[in-house]
Amino acid sequence: MDKYAFPCDPLANPAAVISGPTYRFTLLGETVLRYEWAEDGVFEDRASVFAINRNFTPPEFTVNDTEKHVEVVARNFHITYDKRRFSRSGFTIGFPSKVTLWGADWHYGETAKDNLGGTARTLDEVDGRCDMGDGILSRSGFATLDDSDTMLFDGQGFIAPRKSGDRIDGYMFVYGHDYKGAMKAFYDISGRQPALPRWALGNWWSRYHPYSADEYIQLMDTFAKRRVPLSVAVVDMDWHQVKGDHIPHAGWTGYSWNKELFPDPSGFGKALHDRGLKITLNDHPHGGIHHHEDLYETMAKAIGHDTSKKAPILFNPTDPKFMDAFLSVLHRSIEKEACDFWWIDWQQGPISRIPGLDPLWLLNYFHFQDHVNQNGEGKGIIFSRYAGPGSHRYPVGFSGDSIRTWESLRFQPEFTATASNLGYGWWSHDIGGHMDGIRDDEMATRWVQYGVFSPIFRLHSSYSQWTSKEPWNFRAEHCYAMEHFMQFRHRMVPYLQTTNLLGGAEPLVRPLYWEYPARSEAYEKPNEYFFGPHLVVAPIVHPRNPATNLASANVWVPPGRHVDIFTGAIYDGDREILMYRSIETIPVLAPEGSIIPLEADLFPQNGCMNPTSLEIIIVVGKDGGFTILENPQDDADAEPSRENGDSIEYRKIKLDYKQSTGRLSVSESTKTWKFKFLSLMSIPPALKVHVAGVVTTCKIHVEDMPDTPGLVVEIPAQDSNHKVDVLITLGPEPQLSVLDRSARLKSWLLDFQIEFAVKDKILAAVEGNKSLASKIGGLMSLGLEADYTGPVVELLTGESR
């Protein structure tokens with residue numbers, strides 16, 4: 001089983017250890033304490049599913065060891081312990097951090113107050129909220145993680161249970177309000193998130209439906225004809241035999257193709273691959289391999305199973321011989337026909353033949369390691385449920401069968417962001433909901449818009465003939481919005497892939513309080529989050545007013561001026577504001593100094609290959625930078641290669657913007673470029689463009705509504721065989737323009753389903769050279785409901801200039 005082993009360093013530095021006959025404390029750097037108690041005095045040095053690295057440089061600390069007590073004093077904590085079994089009175093930790101006026105301490109067994117939450121194993125049948133448990137972040141400035149009952153790695157590619165007996169194995173994270181520092185410590189101990197294959201960042205199609213091969217391929221072709229790109233084709237359980245008298249169980253488990261639906265599995269796989277798609281097949285493994293399966297005899301021979309009485313090969317992930325054959329014989333045979341990775345649909349709980357060994361953990365670990373072994377570092381992926389702390393090392397997460405309601409949609413942004421408090425960053429939800437609920441085109445559209453700004457975008461629906469999520473099944477305005485956002489998801493892949501390749505230091509989606517831990521507003525907006533390094537997203541999760549056709553989101557704009565990348569609207573920072581949007585868009589804000597790379601093609605192709613042309617969104621006002629990372633193996637003309645992760649040399653394209661000079665520089669590249677300076681509404685007289693050091697004539701123009709407002713510079717295509725640098729000079733200290741709000745206001749008023757006279761009064765109240773206070777006062781004096789005045793107030797007060 002050595003091939004399933006992975007690099008880890010679980011043995012702590014002896015200089016960081018304070019121990020006695022039945023206790024052991026280990027200082028894992030400045031911010032983490034491991035505390036152990038063992039009745040027999042035998043402690044655990046093997047890697048656990050949570051803690052795979054414990055060897056760190058010891059911090060400075062002092063020890064006062066007496067006959068009945070031991071005290072340990074380090075920079076961030078003060079341990080007092082009575083040398084007995086850990087108890088509330090006998091084991092305490094004091095903290096010097098000034099998170100509260102009265103200080104803080106912890107007594108063994110307590111849960112830190114104000115824990116900011118973790119995540120859950122599944123959202124199966126959840127309608128609205130569910131318990132997310134605890135993460136390692138709390139407003140109290142410390143949190144504990146109990147590792148006493150988790151599985152262990154044996155160091156030889158397999159797993160082992162804990163030793164029996166009375167044992168405690170816990171971790172105390174101490175960080176004050178340095179949440180990002182706490183998460184760095186978490187990743188240092190538990191390992192970082194691995195990079196995903198680039199194609200995983202595109203649009204996934206999934207539906208629980210007994211497709212035939214021809215039907216599925218025709219559907220993929222329909223998406224292509226409508227210029228809606230996809231990257232992953234999910235085939236639910238009906239790819240295998242499900243029904244029939246010859247099947248000796250319920251049919252959820254299966255490893256033989258349904259030849260009535262898929263007469264030529266290899267041909268089906270080739271057809272999808274030819275269309276630029278990767279394939280994942282659903283696997284419910286709990287039923288084992290029965291005698292009717294095509295690979296029954298082959299599997300039996302591999303593990304020495306007696307087939308004389310057609311006895312089933314029961315699923316037994318605690319047996320190394322079974323697990324190896326399960327992957328390298330059973331699954332490998334199917335993969336050669338039409339499967340790039342597996343959807344591991346385990347729903348049977350944490351019990352196995354060996355107490356303490358969770359089958360879901362075993363499946364996630366072995367499947368992921370097997371996929372990395374087959375494809376190379378940075379190309380490993382599975383699709384499975386969360387199994388506990390440490391699960392972030394085995395992406396992607398399947399959140400389960402959610403209910404189609406507004407309540408479920410309202411919870412998913414918070415659920416996804418909060419999961420980052422346990423380092424779990426790659427959730428994939430059933431976008432649009434899986435089951436039950438009602439038909440609501442607006443809700444489905446808002447769910448798609450949120451999904452595009454979630455870690456993994458995957459449409460999914462239940463078996464019902466009424467619930468399939470093809471955009472063209474919805475009313476025209478909703479179809480347009482869905483298709484546009486799905487196209488935008490593929491255009492965003494350069495931004496997403498760079499975040500992905502940065503080594504998993506931070507999840508793609510992060511709560512606001514990671515950046516602003518001292519601000520109460522950051523805790524009060526759980527559905528608003530950071531998306532990558534430069535975007536703040538506030539999904540719309542409430543229905544619109546039918547009279548105004550607008551819905552709203554209550555948004556906290558972080559400090560600093562921000563621009564909506566879809567509307568060009570400018571907002572002063574450090575304030576709360578209701579933002580109103582039609583069904584075409586949601587608030588997505590970029591602060592001054594942002595640089596956001598997009599694929600320039602408005603209608604990207606399937607598969608998410610490295611684009612040859614890029615559109616760069618720039619928000620002037622502050623210095624900014626972004627280095628685009630690409631794997632050359634993702635070029636459309638690259639030769640297939642299996643690379644070791646250490647040998648990959650990522651292509652780097654550095655973009656740097658200096659506000660003082662208004663200069664944007666781009667390092668040498670063969671790309672074709674389009675640059676859009678958001679909400680810059682005039683062509684600066686000093687504007688110059690240099691390509692390879694030579695002043696170059698370009699297409700320069702200003703776009704306004706209905707497009708996103710901004711100055712556009714398009715550089716002609718260069719010789720693709722030679723790299724060139726680009727320099728755009730706007731002139732000193734360029735500033736975002738003060739936008740003419742009247743056009744957007746009149747557009748909204750035109751659509752308001754209200755009396756014409758009222759529209760005239762609204763316009764009259766806010767037009768002219770009156771002061772802002774006078775305009776707001778006149779608007780309020782009309783006595784209208786907030787849904788009518790709110791959009792106008794947003795336009796008037798978005799920024800103070």
Side-chain angles (χ1 to χ4, degrees), residues 18-20 22-39 43-44 48 50-51 54 59 61 63-64 68-120 130-150 162 166-179 181-183 185-186 189-190 388-390 418-423 511 513 517 523:
I18 306 100
S19 63
T22 57
Y23 68 88
R24 183 168 72 170
F25 298 115
T26 309
L27 280 65
L28 303 177
E30 294 279 358
T31 59
V32 184
L33 168 74
R34 185 188 188 194
Y35 53 90
E36 298 171 272
W37 189 88
E39 187 175 35
F43 303 105
E44 187 55 72
S48 71
F50 158 63
R54 303 190 189 99
F61 65 92
V63 179
N64 181 17
K68 293 185 178 181
H69 289 85
V70 61
E71 289 184 86
V72 181
V73 180
R75 184 167 69 91
N76 289 321
F77 47 80
H78 182 171
I79 303 168
T80 305
Y81 170 54
D82 65 1
K83 295 190 175 182
R84 301 178 182 180
R85 191 187 190 282
F86 294 154
S87 66
R88 181 179 173 86
S89 60
F91 176 24
T92 63
I93 301 178
F95 310 109
S97 65
K98 300 177 181 179
V99 172
T100 63
L101 292 176
W102 53 90
D105 55 22
W106 171 83
H107 299 264
Y108 175 76
E110 293 179 343
T111 298
K113 297 178 181 178
D114 302 319
N115 192 284
L116 293 166
T119 192
C130 73
D131 181 12
M132 293 181 283
D134 290 340
I136 67 155
L137 303 185
S138 97
R139 297 184 75 173
S140 299
F142 64 92
T144 57
L145 189 152
D146 186 359
D147 202 31
S148 304
D149 299 320
T150 63
R162 297 266 177 169
D166 189 3
R167 302 176 188 283
I168 298 169
D169 188 355
Y171 292 78
M172 168 67 75
F173 289 80
V174 185
Y175 42 79
H177 276 166
D178 183 10
Y179 296 151
M183 294 312 303
F186 176 91
I189 295 168
S190 199
T418 303
S420 294
N421 296 342
L422 275 172
Y513 49 75
Y523 300 89

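All figures in this text were calculated on a predicted structure; none of them were measured in a lab. Index from 1, following the sequence. Any value given below was found using the heavy atoms of this structure, including those in side chains, with hydrogens, waters and symmetry copies removed.
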Partners meeting side-chain hydrogen bond (donor to acceptor under 3.5 Å, both in side chains) with [X] (sequence neighbours left out):
X    : value
D147 : S48, T150, R162
K113 : none
T418 : none
D146 : S148

Report summary line: Those residues at least two apart in sequence (or on a different chain) that pass ring-ring contact (aromatic ring centres under 6.0 Å, His included) with F186 are F50, H392

**Report entry** Contacts of F61 that satisfy ring-ring contact (aromatic ring centres under 6.0 Å, His included) - sequence neighbours left out
**Finding:** none

Query raised in the report: Are more than 12 heavy atoms from other residues, nucleotides or ligands located less than 6.0 Å from atom CG of D149?
Result: no

Query raised in the report: Between Y35 and W106, what is the ring plane arrangement, given parallel below 30°, perpendicular above 60°, and tilted in between?
Result: tilted

Please list, chain by chain and in numerical order, all residues satisfying side chain to side chain contact (heavy atoms under 4.5 Å, CB included) with [X], sequence neighbours excluded.
X   : answer
N64 : T66, E71
D82 : H69, R84, S87
S19 : V17, R24
R75 : E30

Query raised in the report: Does a donor on one side chain and an acceptor on the other come within less than 3.5 Å for Y171 and R54?
Result: yes

Query raised in the report: Does the gap between the ring centers of Y179 and H177 come in under 6.0 Å?
Result: yes

Requested in this report: With sequence neighbours excluded, tell me which residues meet salt bridge (Lys or Arg N to Asp or Glu O under 4.0 Å) with R167.
Outcome: D40

Query - salt bridge (Lys or Arg N to Asp or Glu O under 4.0 Å) partners of E110, counting only residues at least two apart - result: R88

Query raised in the report: Under the side chain to side chain contact (heavy atoms under 4.5 Å, CB included) criterion, do N421 and M132 qualify, and how do the steps go?
Result: CA-CA 10 Å; N421 296 342; M132 293 181 283; over 6 Å; no

